[in-house]
Amino acid sequence: VQLQASGGGLVQAGGSLRLSCAASGRTGSSYAMGWFRQAPGKEREFVAAIRWSIGTTLYADYVKGRFTISRDNAKNTVYLQMNSLKPEDTAVYYCAADRTYFGRGVAYNYWGQGTLVTVSS
């Protein structure tokens, strides 16, 4: 599975961005995709995940109500709509996928390259 993330950029606090992650290759019916982020000097942390087949979602508490994960079956793409952005959301955002794992851990087998999100105050 290959993942291609895009959509990062510079935005002012309170603004919005939408990240995209296109998946290619064999994924399987039970696969899930997620978003993680890593700020400078910090560990990679979970943001959101979605189980592809039924659309079940998971969110980290610190993004719940502000970020929305969704998928487009036809395009095999997952999105992360980020609203009400805060400076503390600044990080490199990574998409991840796994044929069976669905959760908040970093156990996903496939990772895309990161896309930088910078939120200015």
Side-chain angles (χ1 to χ4, degrees):
V1 176
Q2 292 80 44
L3 304 174
Q4 181 70 42
S6 61
L10 173 65
V11 64
Q12 288 188 332
S16 299
L17 277 177
R18 189 179 78 158
L19 305 183
S20 301
C21 180
S24 60
R26 295 182 62 184
T27 50
S29 60
S30 298
Y31 90 108
M33 293 183 73
W35 288 97
F36 289 75
R37 68 187 186 185
Q38 188 166 18
K42 295 188 176 181
E43 293 187 351
R44 191 168 298 188
E45 63 181 10
F46 172 76
V47 176
I50 187 166
R51 186 178 287 284
W52 202 265
S53 58
I54 57 177
T56 304
T57 56
L58 291 173
Y59 291 96
D61 287 344
Y62 35 81
V63 304
K64 199 173 292 184
R66 299 188 298 123
F67 291 10
T68 302
I69 189 170
S70 62
R71 82 248 196 252
D72 184 324
N73 290 341
K75 296 182 178 180
N76 219 20
T77 297
V78 67
Y79 302 99
L80 185 69
Q81 177 66 43
M82 305 185 294
N83 299 328
S84 301
L85 283 161
K86 305 174 182 180
E88 51 263 44
D89 294 318
T90 295
V92 177
Y93 284 70
Y94 298 89
C95 61
D98 197 275
R99 292 194 175 95
T100 57
Y101 177 74
F102 172 62
R104 294 179 170 87
V106 295
Y108 293 82
N109 268 318
Y110 305 99
W111 292 82
Q113 90 291 359
T115 185
L116 177 63
V117 172
T118 304
V119 184
S120 63
S121 57

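The structure displayed is predicted, hence computed values, not measured ones. Residues take their numbers from the sequence shown, with the count starting at 1.
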Quick one, [X] and [Y] - any side-chain contact, counting heavy atoms below 4.5 Å?
| X | Y | answer |
| --- | --- | --- |
| Arg71 | Asn76 | no |
| Trp52 | Val78 | yes |
| Tyr79 | Asp72 | yes |
| Met33 | Leu3 | yes |
| Leu19 | Met82 | yes |
| Thr56 | Phe102 | yes |

Begin from the C-alpha positions of Trp35 and Phe67 and carry the test ring-ring contact (aromatic ring centres under 6.0 Å, His included) through to its verdict. CA-CA 11 Å; Trp35 288 97; Phe67 291 10; over 10 Å; no
To the closest 0.5 Å, what do you measure between CD (Gln113) and SG (Cys21)?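 Spacing of CD (Gln113) from SG (Cys21) equals 7.5 Å.
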Hphob cluster co-occupancy, Leu17 + Tyr62, side-chain heavy atoms under 4.5 angstrom: yes
Acceptor/donor pairs from residues 114-121 side chains to any protein atom, 3.5 angstrom cut, sequence neighbours excluded:
unit_1, atom_1, unit_2, atom_2, d
Thr115, OG1, Gly8, N, 3.0

Which heavy atom of Ser20 sits nearest to which heavy atom of Thr77, and what is that distance? CB-CG2, 4.2 Å
Mind listing the closest non-hydrogen atom pair of Tyr59 and Thr57 along with its distance? CE1-OG1, 3.6 Å
Determine, stepwise, if the pair Tyr31 / Arg51 fulfils side chain to side chain donor-acceptor pair (under 3.5 Å). CA-CA 6 Å; Tyr31 90 108; Arg51 186 178 287 284; over 6 Å; no
For the backbone of Asn109 and the side chain of Asp98, can you confirm whether one donor and one acceptor N or O come within less than 3.5 Å of each other?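 Looks like yes, one N/O pair under 3.5 Å.
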Here's a test for you: under side-chain contact (heavy atoms from CB on, under 4.5 Å), which of Ile69, Leu58, Thr68, Leu80 qualifies with Ile50? Ile69
Return yes if a side-chain donor-acceptor contact under 3.5 Å exists between Ser16 and Asn83, otherwise no.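 Checked: Ser16/Asn83 side chains pair up, N/O donor to acceptor below 3.5 Å.
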Verdict with reasoning, Gln2 to Tyr110, per side chain to side chain contact (heavy atoms under 4.5 Å, CB included): CA-CA 7 Å; Gln2 292 80 44; Tyr110 305 99; over 6 Å; no
Let me have the donor-acceptor pairs involving side chains of residues 40-49, under 3.5 Å, with sequence neighbours excluded, atom names and distances please.
unit_1, atom_1, unit_2, atom_2, d
Arg44, NE, Gln38, OE1, 3.4
Glu45, OE2, Arg37, NE, 2.7
Glu45, OE2, Arg37, NH2, 3.1

SB check Lys64 Asp61 (cutoff 4.0 Å): yes
For a ring-ring contact (aromatic ring centres under 6.0 Å, His included) check, start with the C-alpha distance between Phe36 and Tyr108, then their side-chain angles and the critical distance, and finish with the verdict. CA-CA 11 Å; Phe36 289 75; Tyr108 293 82; 5.6 Å; yes
